[in-house]
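Have a look at the structure below before the remarks.
Values below: every heavy atom of this structure, side chains too, minus hydrogens, waters and symmetry copies. Remember, it's a predicted structure, so these values are computed and weren't measured experimentally. For ligands, and for the atoms within them, numbers begin at 1 and follow the listed sequence.
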Amino acid sequence: MAQRLIVVGGDAAGMTAASQARRRRDRSDLEIVAFERGRFTSYSACGIPYWISGVVPERDQLVARSPAAFRDDFDIDVRLRHEVTAIDLTRREVVARDLDGGGEVRERFDDLVYAAGAVPTKPGWADTTAAGVFGVQTLDDGAALREWLDADPAPRRAVVVGGGYVGVEMAEALVQRGLEVTLVEQSEQPMSTVDEDMGALVAEAMRGVGIGIRTGVEVTGVEERDGRVSAVVTSDGPVPADVVVLGLGVRPNTALAEAAGLPLGPTGGVRVDLRMRVAGVPGVWAAGDCVETLHRVSGLPVHVPLGTHANKQGRVAGINIGGGYATFPGVIGTAVTKVCDLEVGRTGLRERDAAASGFEFVSVVTESTNRAGYYPGARSMTVKLIAERPGGRLLGAQIVGWSEAAKRIDALAVALWNGMTVDEMTGLDLGYAPPYAPVWDPVLIAARKAVDALARAGR
Ligand SMILES: Cc1cc2nc3c(=O)[nH]c(=O)nc-3n(C[C@H](O)[C@H](O)[C@H](O)COP(=O)(O)OP(=O)(O)OC[C@H]3O[C@@H](n4cnc5c(N)ncnc54)[C@H](O)[C@@H]3O)c2cc1C
């Protein structure tokens, strides 16, 4: 009899695991059933801001593979609008509720992939009866927001609550649609994934494209008129709004896992080993935004909810379920984003992470340009490096600049991943031609400055 794999969650981690397992085991050996409570599979949540802005014209461009394609090409039985409500590890069964048809199904499993993603932070005030308050966690959420924005009369004033990368990307999307946008952030700077000095550059650029920023401000409620949101109430007074978008971060979606007795780690994510096996629970795997992973620099468990990790972790789980061998080596916190033309990249530890982990370090900030200064389109680029004392190992890097900035972080991420010192980095053979870099690339300039700073500090 064929074994059975049940997948909980039909997006990046879950469907990658399912399709990887299928590549190695055919239907006579492994039946695969995937439960997804939403209306889409394998969609790019990362693309939602660009569909909302109109840069990506069609919603379905964000869907990498539909349920029909999974059925036809991979022989995977995808059950949309089915919410798994319980996992019974003793009977090795899941219980799922049919959200449209009603009723419940029970399905047996030999292997289970738990890939339920993350839960967006939703403060009490957001549980309002006023229409017009949206999250953007799933494509269903994005579709609801898009419908509101496309209605006639169209909303004019938007408030984005939360200044992480999702909030920043959504503020950009709404400005590009022509709305008057205010971003409200509780801390003193948007983009807290970079150090404050670098976040200040992002804030400046956002103001430059007309996004109003209120920092150090707490949202306490919404006002409504005729059942629709009309303002966001803050510690700094009301901000008028016809639409409110929440970007307040996420936590691992582990309610089901916890109820089933799966172990959680200190960050609240499901605890897995390098092969994505749930620690101590044979035949149960977990991947994506619901798990915690290892930070390769700090050595600490972290929850880093990014699509890049979800896909890789799903692939690792699927290869192992399929009978192969694969491991997920951990993360170093590399991420990129943009706000209009300003690009932001980061990898490794921020100053505050390095200090909290007990490292002694120097940090340097350098200004240079993306291209040779005389070449048309040359614009400024700020690079920050954090290097360990006295050895000079790169611990973290951040880049803010106008073009060709964000993906330069990849060279720094590779250096950091491989434990390079800033001294070694000064000799890196990076590409140079006037349209692409000054003769000393901003990365090399920053490495040289970091070596100087180490010398000044007596290493
Ligand atoms: C607006 C936005 C922009 C982003 N941009 C980037 C980016 O640029 N780069 C990047 O790396 N990452 C980005 N991310 C993060 C990335 O989208 C996530 O890390 C990734 O989607 C995680 O994949 P996942 O499969 O773990 O979880 P999800 O994509 O959240 O999928 C989990 C699925 O499980 C389903 N589910 C949950 N519980 C149940 C249940 N009980 N039964 C059935 N189904 C269930 C959910 O409906 C969901 O579809 C972005 C996220 C958002 C929201």
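Applying the 4.0 Å criterion to heavy atoms of Leu256 picks out, from ligand 1, the atoms 41 (N). Using a 4.0 Å cut-off to heavy atoms of Val136, the atoms of ligand 1 that qualify are 1 (C), 53 (C). For ligand 1, the atoms sitting less than 4.0 Å from at least one non-hydrogen atom of Asn253 are 37 (C), 38 (N), numbered in the order shown with element in parentheses. Interface of His82 with ligand 1, defined as ligand atoms under 4.0 Å from a residue heavy atom, comprises 42 (N), 43 (C). The atoms of ligand 1 that sit less than 4.0 Å from any heavy atom of Gly288 are 26 (O). For ligand 1 and Pro305, the ligand atoms under 4.0 Å from any heavy atom of the residue are 15 (C), 19 (O). Applying the 4.0 Å criterion to heavy atoms of Ala310 picks out, from ligand 1, the atoms 22 (C), 23 (O), 26 (O). Those atoms of ligand 1 that come under 4.0 Å of a heavy atom in Thr308, given as number and element, are 11 (O).
A salt bridge links Arg106 and Glu93; the closest N-O separation between the charged side-chain nitrogens and carboxylate oxygens is under 4.0 Å. Using a 4.0 Å cut-off between a side-chain N of Lys or Arg and a carboxylate O of Asp or Glu, Arg177 and Asp150 qualify as a salt bridge. Ion pairing between a basic and an acidic side chain is recognised when a charged N comes within 4.0 Å of a carboxylate O; Asp127 and Lys122 show such pairing. Under a 4.0 Å N-O distance rule, the pair Glu104/Arg97 does not qualify as a salt bridge. Contact check on Glu36 versus Arg81 returns no salt bridge, with no Lys/Arg side-chain nitrogen under 4.0 Å from an Asp/Glu carboxylate oxygen. Taking 4.0 Å as the cut-off between side-chain N and carboxylate O, Asp77 and Arg79 count as a salt-bridged pair. Between Asp242 and Arg157, at least one side-chain N (NZ, or NE/NH1/NH2) sits under 4.0 Å from a carboxylate O, which counts as a salt bridge.
Among Leu246, Thr182, Leu174, Val175, the single residue meeting the side chain to side chain contact (heavy atoms under 4.5 Å, CB included) criterion with Val160 is Leu174. Each of Asp197, Asp195, Thr347, Thr193 was checked for a side chain to side chain donor-acceptor pair (under 3.5 Å) with Gln398, and the lone residue meeting it is Asp195.
Scanning the protein heavy atoms around atom 47 (O) of ligand 1, the nearest turns out to be Glu36 OE2, 2.6 Å. Nearest to atom 27 (O) of ligand 1 among the protein's heavy atoms is Gly117 CA, 3.3 Å. Nearest non-hydrogen protein atom to atom 29 (O) of ligand 1 is Asp11 OD2, 2.4 Å. In terms of protein heavy-atom proximity, atom 32 (C) of ligand 1 is nearest to Ala115 O, 3.5 Å. Looking only at heavy atoms of the protein, atom 44 (N) of ligand 1 is closest to Arg37 N, 3.1 Å. The protein heavy atom nearest to atom 26 (O) of ligand 1 is Asp289 N, 2.8 Å.
Compare Cys46, Ala286, Ala116, Gly167 by their heavy atoms: the one nearest to atom 6 (C) of ligand 1 is in Cys46. Considering only non-hydrogen atoms, atom 25 (O) of ligand 1 lies nearest to Ala13 out of Ser42, Pro49, Gly10, Ala13. Between the choices Ala45, Gly164, Gly247, the shortest heavy-atom distance to atom 2 (C) of ligand 1 belongs to Ala45. Looking at Gly307, Gly142, Gly9, it is Gly307 that brings a heavy atom closest to atom 11 (O) of ligand 1.
Between His295 atom NE2 and Leu300 atom CG the span is 8.5 Å, to the nearest 0.5 Å. With rounding to the nearest 0.5 Å, the separation of CD1 in Ile6 from CD in Glu31 is 8.5 Å. For the atom pair CG (Leu395) and OG (Ser363), the distance works out to 10.5 Å, reported to the nearest 0.5 Å.
Put simply, the side chain of Arg408 never gets that close to the backbone of Val383: no donor and acceptor are under 3.5 Å apart.
Heavy atoms of Thr85 found under 4.0 angstrom from ligand 1: none, in either backbone or side chain. At a heavy-atom distance under 4.0 Å, only side-chain atoms of Tyr43, from C-beta outward, approach ligand 1. By the criterion of a heavy-atom distance under 4.0 Å, neither the backbone nor the side chain of Thr337 is placed next to ligand 1. Under 4.0 Å from ligand 1, not a single heavy atom of Ala96 appears.
At least one heavy atom of Tyr165 sits closer than 4.0 Å to an atom of ligand 1. Residue-ligand proximity: Thr138 is placed with every non-hydrogen atom at 4.0 Å or more from ligand 1. Residue Met170 places every heavy atom at 4.0 Å or more from ligand 1.
Considering backbone and side-chain N/O atoms, Ala12 comes within less than 3.5 Å of an N/O atom of ligand 1. When only interatomic distances are considered, the shortest N/O to N/O separation between Glu169 and ligand 1 does not fall below 3.5 Å. At under 3.5 Å, a nitrogen or oxygen of Val84, whether backbone or side chain, sits near a nitrogen or oxygen of ligand 1.
More than 12 heavy atoms of other residues, nucleotides or ligands shown are found within 6.0 angstrom of CD on Glu83. Heavy-atom neighbours of Arg271 CZ from other residues, nucleotides or ligands within 6.0 Å: at or below the threshold of 12.
One side chain, Asp111 or Trp285, offers a donor N or O that lies under 3.5 Å from an acceptor on the other.
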